[in-house]
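Worksheet: the structure to be examined is printed underneath.
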There are 2 protein chains.
Amino acid sequence: MKIGELANATATNVETVRYYEKISLLAPPARSASNYRSYSNEHLARLSFIRRARDLGFALEAVRELLTLSDDTGQSCEAVDQIASAHLAEVERKIDDLSALRSELTRVIGSCRHGTIADCKIIESLASTPQLKGAAQ
Amino acid sequence: MKIGELANATATNVETVRYYEKISLLAPPARSASNYRSYSNEHLARLSFIRRARDLGFALEAVRELLTLSDDTGQSCEAVDQIASAHLAEVERKIDDLSALRSELTRVIGSCRHGTIADCKIIESLASTPQLKGAAQ
DNA sequence: TCTACACCCTGTAGCAACTACAGGGTCAAG
DNA sequence: CTTGACCCTGTAGTTGCTACAGGGTGTAGA
């Protein structure tokens with residue numbers, strides 16, 4: 001399988017596939033006489049795994065660990081569970097952060113009276129010196 | 001005001017202040033005899049504005065626009081409203097994406113039976129070849 | 001046979017928004 | 001007079017790609 005086919009089969013950019021090889025996430029494949037990369041089904045499975053993990057938001061280093069773990073079929077899956085749970089916690093933290101952001105943005109935008117910049121509440125709330133910042137730390 | 005004091009007053013890293021100057025987000029301040037940066041209250045207000053906008057998740061380019069707009073006090077604040085609303089929409093999109101991720105992660109993790117890697121449902125669901133991927137495009 | 005075109009190769013630079021050095025200079029206190 | 005906290009410049013690193021530049025290869029049609 002040539003790189004374009006592999007990329008197509010996994011909805012990945014060709015450049016990304018080469019990038020994964022470069023950072024040793026995907027093993028270097030055999031080469032054709034004309035130096036084209038030639039991938040096996042093993043590579044396809046591996047890249048599919050990577051893509052799916054990436055779609056779930058795992059960082060590349062987490063994906064690397066998950067790949068290593070997945071090869072060690074006899075071991076307990078505790079480590080896998082821990083990586084996934086840590087990631088879930090991180091996702092939840094981000095959701096909370098963004099939700100707080102949304103509230104604040106909604107509030108600020110809602111206060112806009114659509115007049116001139118001079119009395120724009122949005123600008124005003126950005127310009128206000130944060131008095132509590134130091135205390136909040 | 002020296003850079004450390006300014007940084008402290010705005011809960012910013014010293015390096016970040018210099019970075020903002022480098023990308024022309026913050027005007028270069030006067031210099032002391034020993035070449036130390038010497039900031040005015042104008043700079044303090046400007047940097048506070050930047051920090052507050054950054055805390056609200058605005059990209060640096062958006063902050064740049066907001067700063068320019070904030071100087072044009074006579075103009076309508078429509079443009080400000082639009083930048084803020086676009087950002088809010090983006091935040092909401094991210095929340096939706098992360099919520100979908102959370103559901104999926106929760107589902108996958110919940111299926112874990114805490115056995116060996118060989119029958120780990122998490123690894124399994126990552127390894128499964130995405131059949132619908134092509135069709136979904 | 002020529003030539004267009006799609007595909008492949010390597011290597012490097014760019015994106016966002018900082019952060020972290022390395023390798024220096026300055027200044028006030030003890 | 002030395003210690004330590006601060007300041008300076010400039011460059012490289014972070015994450016996860018993406019986008020060239022400048023080439024080579026393979027195949028199909030005129």
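Lettering follows sequence order; numbering is per chain, from 1.
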Does a side-chain N or O from B/N13 land closer than 4.0 Å to OP1 or OP2 of C/dT19, or not?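 True: B/N13 side-chain N/O within range (under 4.0 Å) of C/dT19 OP1/OP2.
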Does OP1 or OP2 of D/dC8 have a side-chain N or O of B/R18 closer than 4.0 Å?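 Result: yes.
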Base, sugar-phosphate, or nothing: which does [X] touch, judged by heavy atoms less than 4.0 Å apart?
X: B/I3; answer: sugar-phosphate
X: B/R54; answer: sugar-phosphate
X: B/R37; answer: sugar-phosphate
X: A/Y20; answer: sugar-phosphate

Using atom [atom1] of [X] as one end and atom [atom2] of [N] as the other, report the distance to the nearest whole Å.
X: B/N35; N: C/dC27; atom1: CG; atom2: P; result: 11 Å
X: B/L6; N: D/dC6; atom1: CG; atom2: C1'; result: 15 Å
X: B/Y19; N: D/dG13; atom1: OH; atom2: C1'; result: 14 Å
X: B/N8; N: D/dC6; atom1: CG; atom2: C1'; result: 12 Å
X: B/E15; N: D/dT11; atom1: CD; atom2: P; result: 17 Å
X: B/E21; N: C/dT19; atom1: CD; atom2: C1'; result: 17 Å
X: B/I23; N: D/dG10; atom1: CD1; atom2: P; result: 17 Å
X: A/L26; N: D/dG16; atom1: CG; atom2: P; result: 16 Å

Give the nucleotide from the list D/dC17, C/dC8, C/dT10 with an atom nearest to the side chain of A/R31.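 Shortest atom-to-atom distance from the side chain points to C/dT10.
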Kindly point out which of D/dT11, C/dC8, C/dA20 is positioned nearest to the side chain of A/K2?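 Nearest to the side chain of A/K2 among the choices is C/dC8.
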Please assess B/R102 against A/L88 for the test side chain to side chain contact (heavy atoms under 4.5 Å, CB included), listing each intermediate value before the final yes or no. CA-CA 6 Å; B/R102 176 174 53 185; A/L88 175 57; 3.8 Å; yes
Count the heavy atoms of every other residue, nucleotide or ligand shown that sit under 6.0 Å from CD of A/Q82, and state whether that count exceeds 12.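 Open: at most 12 neighbouring heavy atoms sit under 6.0 Å from CD of A/Q82.
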Which pair of non-hydrogen atoms, one from [X] and one from [Y], has the smallest distance, and what is that distance?
X: B/V80; Y: A/C120; value: CG1-SG, 4.0 Å
X: A/I122; Y: B/A84; value: CD1-CB, 4.3 Å
X: B/H43; Y: B/L26; value: O-CD1, 4.1 Å

Nearest-nucleotide 5' precedence on DNA chain D, A/S34 against A/T16: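 Comparing both residues, the 5'-ward one is A/T16.
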Taking N and O atoms by type only, does the side chain of A/Y36 place a donor or acceptor under 3.5 Å from a partner on the base of D/dG24?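 Indeed there is one.
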